[in-house]
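Let me begin by presenting the structure, written as structure tokens, before commenting on it.
In each ligand, atom 1 is the first atom listed, and ligand 1 is the first ligand listed. Throughout, residue positions are numbered sequentially from 1 according to the sequence presented.
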Amino acid sequence: MRPVALVTGASRRLGRAFAEGAARSGHDVAVHYRSDPAAARDAVAALVALGARTEAFPSDLRAPGAPGRLVEAVLRRFGRLDLLVHSASPWLEKPVEEVTEADWDDVFSVGPRAGFFLARAAGPALCAREGAILLVSDVAATKAWPRHVPHAVSKAAVEALVRNLAVALAPGVRVNGIAPGIVLPPDDLPASEVERLVSRTPLRRAVPVEDLVSAALLLSANRSVTGQVLAVDAGRAVV
Ligand SMILES: NC(=O)c1ccc[n+]([C@@H]2O[C@H](COP(=O)([O-])OP(=O)(O)OC[C@H]3O[C@@H](n4cnc5c(N)ncnc54)[C@H](OP(=O)(O)O)[C@@H]3O)[C@@H](O)[C@H]2O)c1
């Protein structure tokens, strides 16, 4: 029987790339999505074409109890879990003056809070398979991004969660994080702004999706690494 991966936010962009990477590395894949069933169906079709057994699971991870119910549904369908990738995350750009309490709640409930409850619910099944958790952070976690304060702070919390879960779930489950730099910029970010950001990055390039995904899978597969956050960012975190 093939190992099983649950990937959150897997219907599009990077979440879908993590899901396809997991399928290429031999996993069956549970595709979590929230709002776009058509995109989830496309992702499922792509994974089937890669030879994976797969199914889409809708869930708004802000809802009380939703992370636990998602894991239960995946275990009912697949019977095992080997890898949990928590990629879902709201993208919020607002000046400080406009940020609301609801914005903070959204960002934190989908990021670190759902990450915690997904990991807790998945822990026993992952432990049974010497499995792994990968939480998706952002270089923002270690920066000051004044137009993205809740996002940056929630990613710092995600990185703290990596360290805490790595100890809480040891020795049965390894927990790591990945902090992408510029991979797929937001659709509404002007090309000139992307160029400006890339020109200030040491390697002077955006990160190809395949570099991010291969690093994520390598990190998750290594049986001696836990509690680490790997920046895959063309050097952005160090400037
Ligand atoms: N793109 C980059 O270059 C980049 C750089 C650094 C870090 N990252 C991180 O990488 C991850 C993926 O990035 P991305 O650019 O692919 O993200 P994205 O396009 O903004 O997609 C966000 C995902 O989060 C899901 N989501 C949002 N709110 C949710 C909720 N309340 N409940 C459940 N799911 C929810 C969305 O689901 P629906 O679409 O179904 O609503 C979507 O799949 C994120 O953690 C992001 O912070 C990305």
Original post:
By number and element, which atoms of ligand 1 are closer than 4.0 Å to a non-hydrogen atom of Leu61?
Top reply: 30 (C), 32 (N), 33 (C)
Original post:
Which ligand 1 atoms does Val183 reach within 4.0 Å, using its non-hydrogen atoms?
Top reply: 3 (O)
Subject >> Contact check, Lys155 vs ligand 1, heavy-atom distance below 4.0 Å >> reply: yes
Original post:
Is Val110 touching ligand 1 with its side chain, its backbone, both, or neither, if touching means heavy atoms under 4.0 Å apart?
Top reply: side chain
Original post:
So does Arg147 have more than 12 non-hydrogen atoms from other groups sitting under 6.0 Å from CZ?
Top reply: yes
Original post:
Among protein heavy atoms, which lies nearest atom 19 (O) of ligand 1, and at what distance?
Top reply: Arg13 NE, 2.7 Å
Original post:
What protein heavy atom sits nearest atom 38 (P) of ligand 1, and how far away is it?
Top reply: Ser35 OG, 3.3 Å
Subject >> Joint cluster assignment, Trp145 & Val158, ILVMFWY side-chain distance < 4.5 Å >> reply: no
Original post:
Looking at atom 2 (C) of ligand 1, what's its closest protein heavy atom, distance included?
Top reply: Leu184 O, 3.4 Å
Original post:
After noting the C-alpha distance and the side-chain angles of Arg174 and Ser224, does the key distance pass the side-chain contact (heavy atoms from CB on, under 4.5 Å) rule?
Top reply: CA-CA 8 Å; Arg174 291 167 291 103; Ser224 297; over 6 Å; no
Subject >> Donor-acceptor pair, side chain of Lys94 and main chain of Thr100, under 3.5 angstrom >> reply: no
**OP:** Compare Ser87, Ala43, Ala56 and give the one whose heavy atom is closest to atom 45 (O) of ligand 1.
**Re:** Ser87
Original post:
Which residue supplies the protein heavy atom nearest to atom 34 (N) of ligand 1, what is that atom called, and how far is it?
Top reply: His32 CE1, 3.4 Å
Original post:
How far is atom 30 (C) of ligand 1 from its nearest protein heavy atom, and which residue and atom is that?
Top reply: Arg34 CD, 3.4 Å
**OP:** Write down the atom of Gly115, the atom of Leu165, and the distance for their closest heavy-atom approach.
**Re:** O-CD1, 4.4 Å
Original post:
Going by atom types only, do His151 and Asp138 share a side-chain donor-acceptor pair under 3.5 Å?
Top reply: yes
Original post:
With a cut-off of 4.0 Å, which atoms of ligand 1 are near a heavy atom of Gly181?
Top reply: 3 (O), 5 (C), 6 (C)
Subject >> Any Ser59 heavy atom less than 4.0 Å from ligand 1 >> reply: yes
Original post:
Considering only heavy atoms, which of Ala114, Ser89, Gly9, Pro67 lies nearest to atom 24 (O) of ligand 1?
Top reply: Ser89
Original post:
Going by the order shown, which atoms of ligand 1 are within less than 4.0 Å of some heavy atom of Arg62?
Top reply: 31 (N)
Original post:
With a cut-off of 6.0 Å (strictly less than), are more than 12 heavy atoms of other residues, nucleotides or ligands near CD of Glu130?
Top reply: no
Original post:
For ligand 1, which atoms have a heavy atom of His151 less than 4.0 angstrom away?
Top reply: 47 (O)
**OP:** List the closest protein heavy-atom neighbour of atom 25 (C) of ligand 1: residue, atom name, distance to the nearest 0.1 Å.
**Re:** Ala88 CB, 3.7 Å
Original post:
Which ligand 1 atoms does Val136 reach within 4.0 Å, using its non-hydrogen atoms?
Top reply: 9 (C), 10 (O), 11 (C), 45 (O)
**OP:** Could you tell me which atoms of ligand 1, counted from 1 in the order shown, lie closer than 4.0 angstrom to a heavy atom of Pro180?
**Re:** 5 (C), 6 (C), 7 (C), 8 (N)
Original post:
Taking the side chain from Arg13 and the backbone from Leu184, do they hold a donor-acceptor pair closer than 3.5 Å?
Top reply: yes
**OP:** Taking all heavy atoms of Glu159 and all of Ala179, pick out the closest pair and write down the distance.
**Re:** OE2-CB, 3.9 Å
Subject >> Closest contact, heavy atoms only, Leu75 versus Ala125 >> reply: CD2-CB, 3.7 Å
**OP:** Could you tell me whether Glu101 atom CD has more than 12 heavy atoms of other residues or ligands within 6.0 Å of it?
**Re:** no
Original post:
Would a hydrophobic clustering, with Ile, Leu, Val, Met, Phe, Trp and Tyr connected at side-chain separations under 4.5 Å, put Phe57 with Leu81?
Top reply: yes
Original post:
Donor-acceptor pair, Ser154 side chain versus Phe108 backbone, under 3.5 Å?
Top reply: no
Subject >> Any His86 heavy atom less than 4.0 Å to ligand 1 >> reply: no
Original post:
Would one find an N or O of Trp91, backbone or side chain, under 3.5 Å from an N or O of ligand 1?
Top reply: no
Original post:
Would you say Leu14 has any N or O atom under 3.5 Å from an N or O of ligand 1, going by distance alone?
Top reply: yes
Subject >> Structural part of Ala39 in contact with ligand 1, heavy atom criterion under 4.0 angstrom >> reply: neither
Subject >> Which of the ligand 1 atoms, numbered from 1, are nearer than 4.0 Å to a heavy atom of Asp60 >> reply: 30 (C), 31 (N), 32 (N)
**OP:** Give a yes or no on whether Arg113 atom CZ has more than 12 heavy-atom contacts from other residues, nucleotides or ligands under 6.0 Å away.
**Re:** yes
**OP:** Mark the output for Pro186 as yes if a heavy-atom distance to ligand 1 is under 4.0 Å, and as no if none is.
**Re:** no
**OP:** Would you indicate whether Arg223, at its atom CZ, is surrounded by more than 12 heavy atoms from other residues, nucleotides or ligands within a distance under 6.0 Å?
**Re:** no
**OP:** Return a yes/no value for Arg12: is any of its N or O atoms, backbone included, closer than 3.5 angstrom to an N or O of ligand 1?
**Re:** yes
